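The shown structure was predicted, so the numbers you read here are calculated from the model rather than taken from an experiment.
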Amino acid sequence: MLKERVEELLNEAFKERPDLFLIDFKMSPGNEIKVVIDGDDGVKLSDCMLISRAVEHNLDREEYDFSIEVLSAGAAAPLSSSRQFIKNIGRDIEVIDREKRKETGLLKTADDKGGTITWKAREPKPIGKGKVTVQKEWSFKYKDIKQAKVVIKFN
């Protein structure tokens, strides 16, 4: 009963803030609520507070004993929704598919079904000795991906 009510309150909160979206929602047997969110323009502390209050202020503490934790997905968290891929177009990501193919490249395109990354690689010349730099591209479907994450660079 509590879980369904929390889901309703979360849905209402995300309708008010369509730039935010749910990544994960878990509830332990001890009524410990954990909500992970992301946003099209990132997540601020005030966004986490807004979602937390939308749930907490609409539940009766006399009826339910609960705790709630709302946090952002974080920069190093795996990408798990198409909206996360779309918001990271233009950034380097690492993608591992179910066949264990692993590539790192620039996310060029993303939509509701999949995306495309590009990168440069050194390969042997077709004729003669030496290597040549070639542009590679990989289009993938989300259903075929085991894990994808943004590559964080420190300059």
Quick one: does [X]'s side chain get under 4.5 Å of [Y]'s, heavy atoms only?
{"X": "W138", "Y": "R101", "answer": "yes"}
{"X": "K87", "Y": "D38", "answer": "yes"}
{"X": "I93", "Y": "T104", "answer": "no"}
{"X": "V36", "Y": "S72", "answer": "no"}
{"X": "K3", "Y": "V6", "answer": "no"}
{"X": "F66", "Y": "R61", "answer": "yes"}
{"X": "F140", "Y": "V95", "answer": "yes"}

Closest non-hydrogen atom pair, [X] against [Y]:
{"X": "C48", "Y": "V43", "answer": "SG-CG1, 3.8 Å"}
{"X": "I89", "Y": "A110", "answer": "CD1-N, 3.7 Å"}
{"X": "F25", "Y": "I33", "answer": "CE1-CG2, 3.7 Å"}
{"X": "V150", "Y": "A75", "answer": "CB-O, 4.3 Å"}
{"X": "K136", "Y": "A121", "answer": "CG-CB, 4.0 Å"}
{"X": "K149", "Y": "A77", "answer": "CB-O, 4.3 Å"}

Nearest-0.5 Å distance that lies between atom [atom1] in [X] and atom [atom2] in [Y]:
{"X": "F85", "Y": "T116", "atom1": "CZ", "atom2": "OG1", "result": "11.5 Å"}
{"X": "I96", "Y": "I145", "atom1": "CD1", "atom2": "CD1", "result": "9.0 Å"}
{"X": "I68", "Y": "L10", "atom1": "CD1", "atom2": "CG", "result": "6.5 Å"}
{"X": "L20", "Y": "D41", "atom1": "CG", "atom2": "CG", "result": "9.0 Å"}
{"X": "S52", "Y": "I37", "atom1": "OG", "atom2": "CD1", "result": "10.0 Å"}
{"X": "E103", "Y": "E137", "atom1": "CD", "atom2": "CD", "result": "12.0 Å"}

Electrostatic pair [X]-[Y], nearest N-O below 4.0 angstrom:
{"X": "R5", "Y": "E7", "value": "no"}
{"X": "D24", "Y": "K34", "value": "no"}
{"X": "D19", "Y": "R17", "value": "yes"}
{"X": "K26", "Y": "E32", "value": "no"}
{"X": "E94", "Y": "K102", "value": "yes"}
{"X": "R53", "Y": "E56", "value": "no"}
{"X": "K146", "Y": "D97", "value": "no"}
{"X": "K153", "Y": "D92", "value": "yes"}

Does any N or O in the side chain of [X] come within less than 3.5 Å of the main-chain N or O of [Y], such that one atom is a donor and the other an acceptor?
{"X": "E63", "Y": "D60", "value": "no"}
{"X": "N58", "Y": "A54", "value": "yes"}
{"X": "Q84", "Y": "S80", "value": "yes"}
{"X": "Y142", "Y": "D111", "value": "yes"}

Same apolar cluster (I L V M F W Y, side chains within < 4.5 Å links), [X]/[Y]:
{"X": "V70", "Y": "F21", "result": "no"}
{"X": "L79", "Y": "I117", "result": "yes"}
{"X": "M1", "Y": "V55", "result": "yes"}
{"X": "I51", "Y": "M27", "result": "yes"}

L22 vs V35, test: side-chain contact (heavy atoms from CB on, under 4.5 Å). Steps then yes/no.
CA-CA 8 Å; L22 183 68; V35 180; 3.6 Å; yes
D40 vs R83, test: side-chain contact (heavy atoms from CB on, under 4.5 Å). Steps then yes/no.
CA-CA 7 Å; D40 295 326; R83 279 180 76 172; 2.7 Å; yes
How about CZ on R91, more than 12 heavy atoms from neighbouring residues, nucleotides or ligands closer than 6.0 Å, or not?
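Open: at most 12 neighbouring heavy atoms sit under 6.0 Å from CZ of R91.
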Is it true that atom CG of D65 has more than 12 heavy atoms of other residues, nucleotides or ligands lying nearer than 6.0 Å?
no
Go through it in stages, so that I can follow the logic: the residues are L59 and L2, the test is side-chain contact (heavy atoms from CB on, under 4.5 Å), and I'd like the CA-CA distance, side-chain angles, deciding distance and then a yes or no.
CA-CA 9 Å; L59 292 177; L2 176 60; 3.9 Å; yes
What do the steps show when you test K143 against K113 for side-chain contact (heavy atoms from CB on, under 4.5 Å), and what is the final call?
CA-CA 8 Å; K143 64 182 177 77; K113 292 188 169 77; over 6 Å; no
